[in-house]
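One structure is given below, encoded as structure tokens.
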Amino acid sequence: MGNCCCPSDDKGFQEQEPDERSSLIGNHPGSSNSPRLVPRSERTPGASRSDSFPSPQNHASQRGDEQSALNRILHQTASNVIDVAAIDARSMEQHEYLDKARQYSSKLTMLCNKTPIPSRPHSLPSGVGNPHAILSAPPLSQADIQFITQVADRTAQTLKEIKVKHKEDLVVPFGVP
Amino acid sequence: MQNLERIPDSLGYLVISEDKAVVSSGGELENDEKTAALVYNLVQKAYRIPVMGDKRDGFKKLTINWDSFFYAITVSNNRIYVCKRQYNPQEPMVA
């Protein structure tokens, strides 16, 4: 036999006026005061839930109430829902969307190419693959260190001695006729 | 980071993340955030110096030498690896 009720809260079985709070589907077998509908075990919520099926003639009024409550909930929910997907579909055509996507991605790549990676203050290059090997390499030799120190000293000395020597006239006439 | 502890003559090590945080440390450099900050700034500056001619390629290893120890610094996987090592020159001094 068909069972159009799905198992729901036991609270739904209480015989009361259906409102927004009460479980609507569970209210069908809530009419367990009718033995005809509950053939095997009367007034047993578990059994009635699984075995009974609603009879439209007997419960037409109740169904009407349920229907109106359902509709009320439906309207309330519909008024609360903003269907973003539907709005998007209406306001933007497919080709327009693609155009925009292309435009944004081209702008993005342009900006990314403009910004060089080292200029970002909090970024490091990927660097070497084997830090351990590089760090365990033997230290610089004394000779190399002395050489570097000497070259640096001499470069600094030379830089200090660089002077501008005045040789030509400050005002130079270009080939103006 | 056991690898860094096994570096010969190691006195301590530091691993610094991209956002200046000490990821791992040990030995004399354990939780040495001051040194970490100094090294971080040094590395940032050193990377602006073109070494290989190609501007995008920076240094491989940076060393800071004292008489008895030196810092070896390298960058890998967007992290800075620092190792403080004892300096035992093998060769005699060249006058």
Side-chain angles (χ1 to χ4, degrees), chain A residues 98-167, chain B residues 1-10 13-21 40-41 43-50 55-95:
Chain A
L98 287 172
D99 278 354
K100 274 199 188 290
R102 212 174 298 128
Q103 190 189 339
Y104 289 150
S105 65
S106 72
K107 274 231 165 96
L108 203 64
T109 40
M110 212 170 69
L111 287 173
C112 284
N113 287 339
K114 251 190 223 167
T115 318
I117 294 159
S119 70
R120 281 189 295 176
H122 293 298
S123 74
L124 290 168
S126 56
V128 298
N130 48 348
H132 178 254
I134 295 228
L135 292 183
S136 11
L140 284 178
S141 69
Q142 282 282 7
D144 280 348
I145 292 175
Q146 277 193 347
F147 175 70
I148 292 165
T149 316
Q150 271 173 19
V151 169
D153 278 349
R154 271 150 63 185
T155 311
Q157 197 67 34
T158 311
L159 277 174
K160 254 190 244 165
E161 283 168 12
I162 288 178
K163 275 177 198 154
V164 179
K165 215 173 193 176
H166 176 65
K167 277 163 88 180
Chain B
M1 284 301 119
Q2 297 99 344
N3 269 347
L4 287 178
E5 280 164 355
R6 272 191 259 130
I7 287 173
D9 304 323
S10 173
Y13 69 91
L14 270 175
V15 181
I16 308 158
S17 73
E18 222 172 346
D19 51 356
K20 274 192 186 183
Y40 185 90
N41 290 334
V43 166
Q44 289 284 3
K45 288 211 164 58
Y47 256 112
R48 294 191 199 148
I49 303 169
K55 266 193 173 177
R56 298 214 168 237
D57 218 8
F59 64 88
K60 250 186 179 176
K61 184 169 85 163
L62 195 70
T63 60
I64 309 166
N65 288 62
W66 274 265
D67 285 339
S68 58
F69 64 92
F70 69 102
Y71 290 99
I73 301 161
T74 192
V75 177
S76 174
N77 199 18
N78 304 103
R79 285 177 169 183
I80 302 173
Y81 292 79
V82 187
C83 185
K84 186 178 178 181
R85 292 171 65 188
Q86 224 156 21
Y87 187 48
N88 304 313
Q90 303 293 315
E91 311 146 62
M93 290 274 282
V94 182

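Below, chains carry the letters A, B, ... as their sequence lines are ordered, and counting in each starts from 1.
By the 4.5 Å heavy-atom criterion applied to side chains, B:Tyr87 and A:Ile145 are counted as neighbours.
Smallest separation of non-hydrogen atoms from A:Pro138 and B:Lys61: O-NZ, 4.1 Å.
Just one residue in the list B:Thr74, B:Asn77, B:Val15 forms a side-chain contact (heavy atoms from CB on, under 4.5 Å) with A:Pro131, and that residue is B:Thr74.
Crowding of B:Asp67 atom CG: a count of heavy atoms from other residues, nucleotides or ligands under 6.0 Å not exceeding 12.
Using a 4.5 Å cut-off between heavy atoms, B:Ile80 touches chain A through backbone and side chain atoms alike. Residue B:Thr63 touches chain A through its side chain alone, counting heavy-atom pairs closer than 4.5 Å.
No other option in B:Ser76, B:Cys83, B:Pro8, B:Ala72 has as many heavy-atom pairs under 4.5 Å with chain A as B:Ser76.
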* Please step through side chain to side chain contact (heavy atoms under 4.5 Å, CB included) for the pair B:Val75 and A:Val128, ending with a clear verdict. => CA-CA 6 Å; B:Val75 177; A:Val128 298; over 6 Å; no
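The main-chain N or O of B:Ile7 is never found under 3.5 Å from a side-chain atom of A:Ser136 such that the two would form a donor-acceptor pair. Counting only distance, with no hydrogens or angles, the side chain of B:Arg85 and the backbone of A:Leu135 share a donor-acceptor pair below 3.5 Å.
The distance from the OH atom of B:Tyr81 to the CD1 atom of A:Ile134 is 12.0 Å, given to the nearest 0.5 Å.
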